[in-house]
**Q** 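Mind looking over this structure? Questions follow.
Count residues from 1 along the sequence.
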Amino acid sequence: MIKSMLAGLAAAASALMPMLSMASDYPSKPVTLVAGFAAGGPTDVMARAFAQRLAAELGVPIVVENRPGADSLLASQAVKNAKPDGYTIYLASSAHAINPSLFKDAKFKVRDDFTPISMIGEVPNVVAIPTGLPARTLKEFIDYAKARDGQLNYATTASITYLQTALMLKSAGLNLQRIPYKGAAPAAVALMSGDVQFMMSGIGPMVPQVQSQKIRALAVTSAKRSALLPDLPTAIEAGLPGFTSTVWYALLAPANVPPDIVKRLNEGTRAALQNPDLIAKLTAQGVEQRGSSPEELSQFLAAEEAKWMATVDELGARQQ
């Protein structure tokens, strides 16, 4: 029996040795950062700026791999199935916490199938309407829309904007008709032309249209005002008590990444987020940077998963 136990312990130690060696040598080759949206978009711009700085911290190249499709569902599934060696990491967004509740064919669990590394930051949304409408404030638009119950349209682009906009409309007691678009650019064009009368979208790409007065911004949906549009009130200030809605970004890896590698990635990420050049680039995209410990991120993901599961059920939004 003793010989059998010793043999078992030896086998376990033998299996553990390659993992320990891998962790002590990490990183020794390029790392792949998976982004769930197409090249050239806001998430991609953010991913490349972050990858450049993290590469400097880790001392190896970081290659951004775009895996667009199904609101980042394909990216999440690809990272879940990757080898847990720290050489595949994931710039996850709010959609990661939403998709398992929203899509029946999502083949991953928000936390169980991933290793949390660190928060990256969050982006407030801008609430906007066409300049041709008479409303000048969020309260005026709410009154205008209520007087035209069910007659106005609103644009959505992805699962997160759909659910966040639906929550705002519900909070304001509005009944608008949804028109989905394949991206923020065509949705913004529809807003400028008046084909839709309401839109909520990430602040970064909306700033030029707001500043050129091609669209009228009514509020930002963060808890505090954005540095990009400091004169724009928050939704809370504009008359929706307690309403906030942002898109967050976080760094994840496949499940079961060794703790030493998680520690190295977390330290590198948090150091990168303190770099003035990266802060400036993220701020230009509307990203308010904030790092975290893996434990803090795990708790945050649990809360997000529960929140969106309840929201999808409440709105009856679960899709095939």
**Q** How long is the straight-line distance from CZ of Phe198 back to CG of Leu152, given to the nearest 0.5 Å?
**A** 10.5 Å
**Q** Answer with yes or no whether the hydrophobic clustering places Leu301 together with Met309; edges join I, L, V, M, F, W, Y residues whose side-chain heavy atoms lie under 4.5 Å apart.
**A** no
**Q** Tell me, please, which residues at least two apart from Tyr249 pass ring-ring contact (aromatic ring centres under 6.0 Å, His included).
**A** none
**Q** Partners of Glu305 by side chain to side chain donor-acceptor pair (under 3.5 Å), sequence neighbours excluded?
**A** none
**Q** Within the 4.5 Å heavy-atom criterion, are Ile160 and Asp71 side-chain neighbours or not?
**A** no
**Q** Can you name the closest pair of heavy atoms from Val196 and Pro130 and give their distance?
**A** O-CG, 3.4 Å
**Q** Any non-hydrogen side-chain atom of Tyr90 less than 4.5 Å from a side-chain atom of Ser72?
**A** yes
**Q** So do Ile129 and Tyr144 actually touch side chain to side chain, heavy atoms under 4.5 Å?
**A** no
**Q** Flag yes if more than 12 heavy atoms outside Glu288 fall under 6.0 Å of its CD atom; otherwise flag no.
**A** yes
**Q** Going by the rule ring-ring contact (aromatic ring centres under 6.0 Å, His included), which residues pair with Phe300 if we only count those two or more places apart in sequence or in a different chain?
**A** Trp248
**Q** Would you say Trp308 and Leu315 are hydrophobically clustered, going by side-chain heavy atoms of ILVMFWY under 4.5 Å?
**A** yes
**Q** Using only atom types and a distance under 3.5 Å, with no angle test, would you say the side chain of His96 pairs donor to acceptor with the backbone of Ser76?
**A** no
**Q** Of Leu251, Ile261, Val257, which is the lone residue that meets side-chain contact (heavy atoms from CB on, under 4.5 Å) with Thr115?
**A** Val257
**Q** Check ring-ring contact (aromatic ring centres under 6.0 Å, His included) between Tyr154 and all other residues, then give those that pass, not counting sequence neighbours.
**A** none
**Q** With a 4.5 Å limit on heavy-atom distance, are the side chains of Leu218 and Thr137 in contact?
**A** no
**Q** What pairs with Gln197 under side chain to side chain donor-acceptor pair (under 3.5 Å), at least two apart in sequence or on another chain?
**A** none
**Q** Please enumerate all residues that pass side chain to side chain contact (heavy atoms under 4.5 Å, CB included) together with Asp113, with sequence neighbours excluded.
**A** Lys80, Phe108, Lys109
**Q** When rounded to the nearest 0.5 angstrom, what distance separates CD in Glu57 from CG in Leu278?
**A** 9.5 Å
**Q** Might you point out which heavy atoms bring Ala238 and Ala219 nearest each other, and give the distance in Å?
**A** CB-CB, 4.3 Å
**Q** Does a donor on one side chain sit under 3.5 Å from an acceptor on the other, for Tyr181 and Thr156?
**A** no
**Q** Consider only side-chain heavy atoms of I, L, V, M, F, W and Y, link residues closer than 4.5 Å, and tell whether Phe103 and Leu74 are in one cluster.
**A** no
**Q** Distance check, rounded to the nearest 0.5 Å: Met206 atom CE versus Leu228 atom CG?
**A** 12.5 Å
**Q** Please determine whether side-chain contact (heavy atoms from CB on, under 4.5 Å) holds for the pair Met200 and Val126, giving the CA-CA distance in whole Å, both sets of side-chain angles, and the decisive distance to 0.1 Å.
**A** CA-CA 5 Å; Met200 193 162 76; Val126 169; over 6 Å; no
**Q** To the nearest 0.5 Å, what is the distance between CG on Leu73 and CD1 on Ile98?
**A** 12.0 Å
**Q** Tell me, do Thr244 and Ile236 make a side-chain contact under 4.5 Å, heavy atoms counted?
**A** yes
**Q** Excluding sequence neighbours, so at least two apart, what forms side chain to side chain contact (heavy atoms under 4.5 Å, CB included) with Arg270?
**A** Ser118, Asn266, Ser293
**Q** Could you check if a side-chain atom of Ile279 sits within less than 4.5 angstrom of a side-chain atom of Asn275, using non-hydrogen atoms only?
**A** no
**Q** Quick test of your reading: applying side-chain hydrogen bond (donor to acceptor under 3.5 Å, both in side chains), list the pairs with at least one residue in residues 204-228, sequence neighbours left out, ordered by first then second residue.
**A** Arg225-Glu237
**Q** With Gln164, which of Ser159, Ser201, Ser245, Ser94 fulfils side-chain hydrogen bond (donor to acceptor under 3.5 Å, both in side chains)?
**A** Ser245
**Q** Are any of the side-chain nitrogens in Asp260 or Arg264 under 4.0 Å away from the carboxylate oxygens of its partner?
**A** no
**Q** Could you please spell out the steps behind the side-chain contact (heavy atoms from CB on, under 4.5 Å) verdict for Phe114 and Ser298?
**A** CA-CA 10 Å; Phe114 298 85; Ser298 180; over 6 Å; no
**Q** Not counting sequence neighbours, which residues clear side chain to side chain donor-acceptor pair (under 3.5 Å) with Glu65? List them please.
**A** Arg67
**Q** Could you list the donor-acceptor pairs under 3.5 angstrom formed between side-chain atoms of residues 182-194 and any protein atom two or more places apart in sequence or on another chain?
**A**
{"unit_1": "Ser193", "atom_1": "OG", "unit_2": "Val189", "atom_2": "O", "d": "3.3"}
{"unit_1": "Ser193", "atom_1": "OG", "unit_2": "Ala190", "atom_2": "O", "d": "3.0"}
{"unit_1": "Ser193", "atom_1": "OG", "unit_2": "Asp195", "atom_2": "N", "d": "3.4"}
{"unit_1": "Ser193", "atom_1": "OG", "unit_2": "Asp195", "atom_2": "OD2", "d": "3.2"}

**Q** Do you reckon Leu282 sits in the same ILVMFWY cluster as Phe37, going by side-chain contacts under 4.5 Å, direct or chained?
**A** no
**Q** Run the side-chain contact (heavy atoms from CB on, under 4.5 Å) check on Asn125 and Val247 step by step: do they pass?
**A** CA-CA 8 Å; Asn125 292 306; Val247 175; 4.2 Å; yes
**Q** As an exercise, state the distance from CD1 of Ile120 to CG of Leu54, rounded to the nearest 0.5 Å.
**A** 8.0 Å
**Q** Within a strict 4.5 Å, meaning less than it, do heavy atoms of the Val34 and Ile89 side chains meet?
**A** no
**Q** Give the table of side-chain donor-acceptor pairs shorter than 3.5 Å for residues 44-51, with sequence neighbours excluded, one pair per line with atom names and distance.
**A**
{"unit_1": "Asp44", "atom_1": "OD1", "unit_2": "Arg48", "atom_2": "NE", "d": "2.9"}
{"unit_1": "Asp44", "atom_1": "OD1", "unit_2": "Arg48", "atom_2": "NH2", "d": "3.3"}
{"unit_1": "Asp44", "atom_1": "OD1", "unit_2": "Asn66", "atom_2": "ND2", "d": "3.0"}
{"unit_1": "Asp44", "atom_1": "OD2", "unit_2": "Gly40", "atom_2": "N", "d": "2.8"}
{"unit_1": "Asp44", "atom_1": "OD2", "unit_2": "Arg48", "atom_2": "NE", "d": "3.2"}
{"unit_1": "Arg48", "atom_1": "NH2", "unit_2": "Asn66", "atom_2": "OD1", "d": "3.0"}

**Q** Would you mind reporting whether Tyr87 and Ser28 have side-chain heavy atoms less than 4.5 Å apart?
**A** yes
**Q** Verify side-chain contact (heavy atoms from CB on, under 4.5 Å) between Val79 and Leu252, making sure each step is shown before the conclusion.
**A** CA-CA 9 Å; Val79 173; Leu252 306 178; 5.8 Å; no
**Q** Keeping the roles fixed (side chain from Asn153, backbone from Arg178), state whether a donor-acceptor pair exists under 3.5 Å.
**A** no
**Q** Report the distance from atom CG of Leu176 to atom NZ of Lys146, rounding to the nearest 0.5 Å.
**A** 12.0 Å
**Q** Is there a path of hydrophobic side-chain contacts, each under 4.5 Å between heavy atoms of I/L/V/M/F/W/Y residues, joining Ile179 to Tyr162?
**A** yes
**Q** Just list the side-chain donor-acceptor pairs under 3.5 Å for residues 165-174, sequence neighbours left out, or say none.
**A**
{"unit_1": "Thr165", "atom_1": "OG1", "unit_2": "Thr161", "atom_2": "O", "d": "2.6"}
{"unit_1": "Lys170", "atom_1": "NZ", "unit_2": "Glu314", "atom_2": "OE2", "d": "2.9"}

